[in-house]
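To start, the structure under review is shown below, and the notes come after it.
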Amino acid sequence: MTHSFPVRVYYEDTDFSGIVYHANYLKSIERGRSEGVRGCGVVQGALKADQGTGFAGRKGVRDFLKAAS
């Protein structure tokens, strides 16, 4: 299964040189994960309300290949 999540980079996401600030990659990754779960038909708010459970990130590993700008 493949999931694609296009991301627009805003000026506020970058440092003074126009490169995405490293912590903002995590925001994009989390948004992509949420959209992937939604794409599988899971409504996270309903899952929490109905079953008292949800998804949480426990560990993140990043391998930077090139800067986003």
Side-chain angles (χ1 to χ4, degrees):
M1 182 189 306
T2 301
H3 170 66
S4 177
F5 180 67
V7 175
R8 179 183 304 270
V9 175
Y10 292 95
Y11 182 76
E12 66 193 34
D13 295 328
T14 65
D15 62 15
F16 70 93
S17 64
I19 303 300
V20 173
Y21 179 67
H22 66 90
N24 288 329
Y25 283 99
L26 298 175
K27 292 179 184 180
S28 297
I29 291 167
E30 176 58 22
R31 289 177 185 144
R33 184 201 63 80
S34 293
E35 291 298 324
V37 170
R38 181 178 290 126
C40 291
V42 177
V43 179
Q44 294 184 76
L47 185 64
K48 175 73 172 155
D50 296 344
Q51 299 180 20
T53 190
F55 297 95
R58 186 179 68 92
K59 181 178 180 180
V61 177
R62 297 162 311 282
D63 189 6
F64 294 102
L65 302 178
K66 68 178 189 174
S69 57

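Along the sequence shown, residues carry numbers from 1. All values reported here derive from a predicted model rather than from experimental measurement.
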Between K27 and E30, does any NZ, NE, NH1 or NH2 come within less than 4.0 Å of an OD or OE carboxylate oxygen?
no

Inter-residue atom distance N24.CG - I19.CD1, 0.5 Å rounding:
13.0 Å

Nearest 0.5 Å please: distance from the CZ atom of R33 over to the NE2 atom of H3.
10.0 Å

I need the minimum non-hydrogen distance between V7 and S28, along with the two atoms involved.
CG1-OG, 3.8 Å

Nearest heavy-atom approach of V20 to Y25 is O-CE1, 3.8 Å

Quick check on the hydrophobic clustering: are V37 and L47 connected, directly or via other members, by side-chain heavy-atom contacts under 4.5 Å?
yes

